[in-house]
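Here is the structure we will look at.
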Amino acid sequence: MPMSPMRILTGPLSRSMGKLFHLFPSIAVDLPKNLQSPASRGYFANPIPPPEWVEPFTDISTVPSARRDFAASPWVGHIRALLDGSPDMEANLHGFCRKFMIKLTPNFVSFLLKGDEMKRSSDIALRFFRWASGQKDYRHGIECYVCLIEILLACGDTGRVKGVFGEFRDVGLLMTESAANSLIRSLGNVGMVEELLWVWRKMKENGIVPSLYTYNFLLNGLVNSMFIDSAEKVFEVMEGGSISPDTVSYNTMIKGYCRSGNTEKGIKLLREMEERTVEPDKITYMILMQACYARGDFDSCLRLYHEMEEKQLEIPPHAYSLVITGLCKDGKCMEGYSVYNSMVKNGCKANVAIYTALIDAYAKCGSMDEAMRLFEKMKDDGFQPDEVTYGAVINGLCKLGRLEEAMFYSEHCRDSGLAVNPTMYSCLIDGYGKAGRLDEAEKLFEKMGEMGCTRDSYCYNVLMDAYGKHGKIDDALTLFKRMEYEHCDPTVYTFTILISGLFTEHRNEEALKLWDVMVDKGITPNVACIRALSIGLCLSGKVARACKILDELAPMGIIPDSATEDMLNALCKAGRIKEACKLADGIVDRGREIPGKIRTVLLNALRKAGNVDLALKLMHSKIGIGYDRVHSIKKRVKFRTLLDL
DNA sequence: CTAGGGTTAG
């Protein structure tokens with residue numbers, strides 16, 4: 001009986017067969033039917049042999065030597081193709097291994113677990129793992145558990161990891177250095193500290209000395225789970241031991257401090273690095289710069305960038321992004337532009353966001369022409385402006401009242417296939433509204449709907465504001481109803497606009513009703529909203545009522561700190577000094593503020609309102625002073641006496 | 001091993 005080609009593959013000739021396939025791919029045609037079209041035998045989901053069939057022979061030198069035998073085996077491609085997650089997967093694997101007399105080893109199983117098909121689905125990995133453990137004369141090695149755990153972790157499948165890890169712990173395999181390092185790294189990355197520490201203990205028990213890498217993985221694990229104190233302790237152990245912390249250890253600790261909101265401590269550690277001659281690298285600076293940026297501390301961000309420059313470190317593109325956008329947000333467009341220039345000089349390409357930030361900053365500081373020049377420049381540089389860029393341009397133009405140009409760019413934006421978004425519409429509506437061109441504002445508001453653009457609360461708010469500011473509060477109220485009808489949730493701004501508008505029309509009761517509606521909806525009033533209400537009430541002579549409502553806010557955890565000042569300012573400005581004094585006395589009587597502070601506030605309010613005489617009178621009197629230190633007597637003169645004197 | 005896409009509105 002002639003030897004079947006199938007048998008050749010199972011024997012020691014398999015490797016030479018592999019070479020033959022590479023040199024003469026046409027040989028594959030001569031293979032028995034079950035290998036050419038394995039689907040017909042139920043082995044493969046895909047009738048076309050997978051690329052692995054030939055791929056391992058193309059460049060064997062790239063395969064690590066420990067794995068070379070597997071990678072070079074021609075049936076590896078087939079067995080991988082069997083890992084398809086089909087219901088017959090286990091049966092197919094079983095059939096294939098039997099037919100080719102493939103003996104499973106932990107080394108081979110872990111090799112297969114490292115394949116790409118496993119990364120796609122943790123289910124397949126787990127099923128393969130389970131199938132293998134049921135095979136005769138086979139027991140999983142520690143590397144198999146490590147691979148499986150890493151796959152499950154990569155899939156974010158923490159629940160199943162816990163199960164598999166428990167099993168792994170119970171099996172009682174001997175811990176190895178590489179297994180410990182892999183596990184500490186991967187468990188650390190997802191913050192499974194309990195399991196990580198078990199591995200650490202096992203490692204120590206088995207006399208494995210942790211390396212610098214092991215320590216760094218441990219630090220990273222602790223930091224990722226926000227165990228900063230523990231990380232600090234480990235770090236101290238390193239400092240006192242034979243393995244000194246390196247740049248990575250410092251970077252990890254700095255990341256930890258930054259993540260816990262302690263950027264200052266992170267910067268302090270950077271200085272310590274310098275003292276101990278551990279060189280900070282670009283990653284050190286990136287961690288710190290990002291932390292500073294996230295906090296809005298753009299000055300520190302810039303300082304760190306300059307330090308990087310001085311140290312002649314390679315500056316990553318993202319660092320430029322942070323510095324430029326930071327400067328732009330601070331309104332320092334010139335400085336931002338100068339950093340942009342150094343970026344270009346260093347061979348870094350800008351991007352849409354950097355251009356957008358610069359355009360926005362120039363527009364906001366009044367250099368609209370410079371902003372438009374950058375807008376053209378970015379296009380010359382090969383960047384297509386996006387919705388945000390158009391948003392910045394349109395906003396800038398609207399704020400300057402250059403509405404026709406703003407409209408032109410919104411059309412231009414649509415013509416370039418970009419959506420005109422609610423942000424742009426709200427800018428335009430606001431622009432027309434502020435210019436008193438209510439018809440056009442309304443038209444745009446309706447057009448949005450026709451264009452299929454969903455209106456957000458901003459769009460309603462700006463139109464409502466326009467109505468309110470032009471004496472059309474009833475139109476604003478109608479729009480408010482429509483907003484509710486169209487399922488758009490009002491915000492604190494919506495209520496502020498309506499409350500101010502109603503007070504302007506002396507419709508106090510309605511304003512107060514809306515305030516209650518707002519509070520009932522669970523919307524927390526902000527400073528502007530409180531100001532609208534308190535000033536509105538004060539000016540309509542209801543000072544006591546204003547004070548009462550403000551007092552009611554305290555139990556809700558809202559401290560209206562500038563409300564007193566706002567009210568006194570409003571009353572003084574309206575020349576209603578008597579009421580202002582009464583209010584000042586009332587606040588002191590309630591014990592809400594110390595008399596000295598109220599005295600200063602009232603004095604400033606009088607001064608601001610141009611009432612110099614009374615301001616001077618107050619300044620030279622003892623009015624409002626609560627405690628006479630010299631005579632140790634409690635003594636307070638009512639503010640009301642200011643007018644009686 | 002440690003860092004990695006921001007930017008627009010009242």
Side-chain angles (χ1 to χ4, degrees), chain A residues 181-182 184-186 188-189 211-221 223-224 231 245-256 258-259 280-291 293-294 304 308 313-326 328-329 336 350-361 363-364 371 378 383 385-399 406 409 413 418 420-431 433-434 456-466 469 491-494 496-497 500 526 528-529:
Chain A
N181 272 323
S182 302
I184 290 169
R185 177 175 45 123
S186 44
N189 273 331
S211 66
L212 177 60
Y213 272 57
T214 325
Y215 271 111
N216 285 343
F217 291 146
L218 175 64
L219 280 179
N220 191 43
V223 159
N224 282 344
D246 69 343
T247 304
V248 176
S249 327
Y250 274 98
N251 289 351
T252 310
M253 280 313 294
I254 291 173
K255 176 176 87 170
C258 289
R259 280 217 186 148
D281 62 0
K282 59 177 175 178
I283 296 175
T284 320
Y285 283 98
M286 282 306 290
I287 295 169
L288 285 166
M289 283 175 73
Q290 290 192 101
Y293 182 86
L304 288 161
M308 276 183 101
L313 288 168
E314 179 209 321
I315 298 172
H318 190 42
Y320 286 115
S321 260
L322 294 171
V323 175
I324 297 171
T325 50
C328 286
K329 280 189 177 177
N351 56 38
V352 178
I354 289 177
Y355 276 113
T356 305
L358 285 167
I359 290 168
D360 181 58
K364 288 216 175 90
M378 95 181 255
F383 292 105
D386 65 5
E387 278 182 36
V388 185
T389 321
Y390 276 106
V393 167
I394 291 169
N395 178 46
L397 290 168
C398 285
K399 288 277 155 2
Y409 281 104
C413 172
L418 295 166
V420 179
N421 60 33
T423 302
M424 298 175 202
Y425 275 112
S426 69
C427 291
L428 289 163
I429 295 168
D430 192 40
K434 289 216 165 44
D456 63 4
S457 65
Y458 292 91
C459 301
Y460 290 93
N461 291 350
V462 287
L463 187 56
M464 257 183 247
D465 194 44
K469 293 241 161 63
T491 65
V492 65
Y493 294 97
T494 317
T496 308
I497 290 163
S500 320
N526 60 13
C529 192

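Proteins get letters first, then strands, A, B, ... in listed order; numbering begins at 1 in each. Bear in mind the structure is a predicted one, so any value in this text is a computation, not a measurement.
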Applying side-chain contact (heavy atoms from CB on, under 4.5 Å) to Asn181(A) and not counting sequence neighbours gives Glu177(A), Ser211(A), Thr214(A), Phe217(A)

ask   = Within less than 4.0 Å of OP1 or OP2 of dG4(B), is there a side-chain N or O belonging to Lys255(A)?
value = no

From the candidates dT7(B), dG4(B), dT2(B), the one with an atom nearest any side-chain atom of His318(A) is dG4(B)

Of the listed dC1(B), dA9(B), dA3(B), the closest approach to the Phe217(A) side chain comes from dC1(B)

Atom CG of Leu428(A) and atom P of dT8(B) are separated, to the nearest Å, by 18 Å

Would you say the base of dC1(B) stacks on Tyr213(A) (centre-to-centre below 5.5 Å, plane angle below 30°)? yes

Looking only at dT2(B), dC1(B), dT8(B), the nucleotide nearest the Ile283(A) side chain is dT2(B)

Against the side chain of Gln290(A), the closest entry in dT8(B), dA3(B), dC1(B) is dA3(B)

To the nearest angstrom, the OH-P distance between Tyr293(A) and dG5(B) comes to 12 Å

Met308(A) atom CE is separated from dG4(B) atom P, nearest whole Å, by 13 Å

Checklist entry - Quick one: do the Asn224(A) and Arg259(A) side chains pair a donor with an acceptor below 3.5 Å? => result yes

Between CG of Asp246(A) and C1' of dC1(B) the distance, given in whole Å, is 9 Å

Regarding dG4(B), purine or pyrimidine glycosidic angle vs 90° from 0 gives anti

* What nucleic acid atoms does Asn526(A) come within less than 4.0 Å of, heavy atoms only: base, sugar-phosphate, or nothing? -> nothing

Here the distance between atom P of dT8(B) and atom CD1 of Ile354(A), to the nearest Å, is 13 Å

Original post:
What does Asp360(A) touch in the nucleic acid at a heavy-atom separation under 4.0 angstrom: a base, only the sugar-phosphate, or nothing?
Top reply: sugar-phosphate

Check your understanding: Does the side chain of Ser186(A) come under 3.5 Å of the side chain of Asn189(A) through a donor N or O and an acceptor N or O?
Key -> no

Leu212(A) atom CG is separated from dT2(B) atom C1', nearest whole Å, by 12 Å

With the side chain defined as heavy atoms from C-beta on, Thr252(A) is closest, among dT2(B), dC1(B), dA3(B), to dT2(B)

By the 4.0 Å heavy-atom rule, please label Val248(A) as base, sugar-phosphate, or nothing.
base

From the candidates dA3(B), dT8(B), dA9(B), the one with an atom nearest any side-chain atom of Tyr458(A) is dA9(B)

Do Thr247(A) and Ile283(A) have side chains that approach each other closer than 4.5 Å (heavy atoms only, starting at C-beta)?
no

In whole angstroms, the gap separating P of dT8(B) from CE of Met424(A) amounts to 13 Å

Winner on side-chain proximity to Lys329(A), out of dA3(B), dT7(B), dT8(B), is dT7(B)

(message) Does Asn181(A) reach a base, just sugar-phosphate, or nothing at all? Heavy atoms under 4.0 Å.
(response) nothing

**Message:** Within the 3.5 Å criterion, strictly below it, is a donor on Asn216(A) or Asp246(A) matched to an acceptor on the partner's side chain?
**Reply:** yes

Worksheet item: Base, sugar-phosphate, or nothing for Asn461(A), non-hydrogen atoms under 4.0 angstrom?
Response: base

Ranking dT7(B), dT2(B), dC1(B) by distance to the side chain of Arg185(A), first place goes to dC1(B)

Taken in chain and number order and not counting sequence neighbours, the residues that satisfy ring-ring contact (aromatic ring centres under 6.0 Å, His included) with Phe383(A) are Tyr355(A)

Asn189(A) has its side chain closest, among dA9(B), dT2(B), dA3(B), to dT2(B)

Ile254(A) atom CD1 is separated from dG4(B) atom C1', nearest whole Å, by 17 Å

Measuring to OP1 and OP2 of dC1(B), would you say a side-chain N or O of Asn220(A) lies under 4.0 angstrom away? no

